[in-house]
Colleague: 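Handing you this structure, nothing more for now.
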Amino acid sequence: MAVNEMHQRVWQVLGQIPAGKVVTYGQVAELAGLPGQSRMVGRCLGKLPEGSQLPWHRVINSQGKISLPVGSESYDCQVGRLQEEGVAVINGRIKLSVYRWQP
DNA sequence: GTCGTGACATGCG
DNA sequence: ACGCATGCCACGA
């Protein structure tokens, strides 16, 4: 089944994201070889184990915002980590023009 | 086996 | 800038 393989692709892409940078779901999907299937990326992250060690917090939507519900632990965790890595999060928004990782 | 939902993206009004 | 509608695919009820 290719599902497992595409998950692997996604994990690998996440690992390539440098600290202090962020990427959109579409970007990850494209790098993973799944153009247009950004939903799969998001679904994968949701299924991600807690001790996966993958920098899922560097993945945001095309609007430069975090897709998680505001007030949830994941959201808070993501924002905190991003800010620690030097990413400015203003009003829950990130400047993609500055922090977007481009390979 | 069908239906609805989801950590999305893009286009329109 | 914002909300609504459509497309894409996998998964659970």
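Letters A, B, ... are given to chains in the order of the sequence lines, protein chains preceding strands, and every chain is numbered from 1.
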Colleague: How is A/G46 classified with respect to the nucleic acid when contacts are heavy atoms under 4.0 Å: base, sugar-phosphate, or nothing?
Modeller: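 Contact class for A/G46: base.
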Colleague: Can you establish whether the number of heavy atoms outside A/E84 located under 6.0 Å from its atom CD is more than 12?
Modeller: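 Counting neighbours around CD of A/E84, 12 or fewer heavy atoms of other residues, nucleotides or ligands fall under 6.0 Å, so no.
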Colleague: Please report, rounded to the nearest Å, how far the P atom of B/dG6 is from the CG atom of A/N61.
Modeller: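 Going from CG in A/N61 over to P in B/dG6 covers 16 Å.
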Colleague: At under 4.0 Å between heavy atoms, what does A/S74 touch on the DNA or RNA strands: base, sugar-phosphate, or nothing?
Modeller: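 Counting heavy atoms under 4.0 Å across all strands, no contact is made by A/S74.
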Colleague: Locate the shortest heavy-atom distance separating A/W56 from A/C77; write the atom from each residue and the value.
Modeller: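 So the two residues come closest at CZ2-SG, 4.5 Å.
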Colleague: Could you work out the separation of B/dT5 and C/dC4 based on their P atoms and round it to a whole Å?
Modeller: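 Their P atoms lie roughly 16 Å apart.
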Colleague: Should A/E85 and A/K21 be marked as a salt bridge (Lys or Arg N to Asp or Glu O under 4.0 Å) after you check the CA-CA gap, both sets of side-chain angles, and the distance that decides it?
Modeller: CA-CA 8 Å; A/E85 298 192 347; A/K21 291 284 177 184; over 6 Å; no
Colleague: B/dC8 phosphate, OP1 or OP2: any side-chain N/O from A/S62 under 4.0 angstrom?
Modeller: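 Looking at the OP1 and OP2 atoms of B/dC8, neither is under 4.0 Å from any side-chain N or O of A/S62.
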Colleague: Starting at atom CG of A/L31, determine the distance to atom P of B/dC8, rounded to an integer number of angstrom.
Modeller: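 Interatomic distance, CG of A/L31 to P of B/dC8: 18 Å.
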Colleague: Quick check: is A/V70 connected to A/I60 through a chain of hydrophobic side chains (ILVMFWY, heavy atoms under 4.5 Å apart)?
Modeller: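 The answer is yes; both residues are in one hydrophobic cluster.
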Colleague: To the nearest Å, give me how far apart NZ (A/K65) and C1' (B/dT10) are.
Modeller: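 After rounding, the gap between these two atoms is 15 Å.
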Colleague: To the nearest angstrom, how far is A/Q27 atom CD from B/dC8 atom C1'?
Modeller: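 Answer to the nearest Å: 14 Å.
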Colleague: Roughly how many Å is it from CD in A/Q63 to C1' in C/dC4, rounded to a whole number?
Modeller: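 Taking CD of A/Q63 and C1' of C/dC4, I get 13 Å after rounding.
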Colleague: Rounded to the nearest 0.5 Å, what separation is found between the CG atom of A/L68 and the CG atom of A/D76?
Modeller: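 The distance works out to 11.0 Å.
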Colleague: Output the distance between atom CZ (A/R58) and atom CH2 (A/W101), rounded to the nearest 0.5 Å.
Modeller: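 The distance works out to 10.5 Å.
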Colleague: For nucleotides 6-13 of chain C, give me one character per nucleotide, 5' to 3': B if any protein heavy atom sits under 4.0 Å from the base, S if the only such contacts are to the sugar-phosphate, - if neither.
Modeller: -BBBSS--
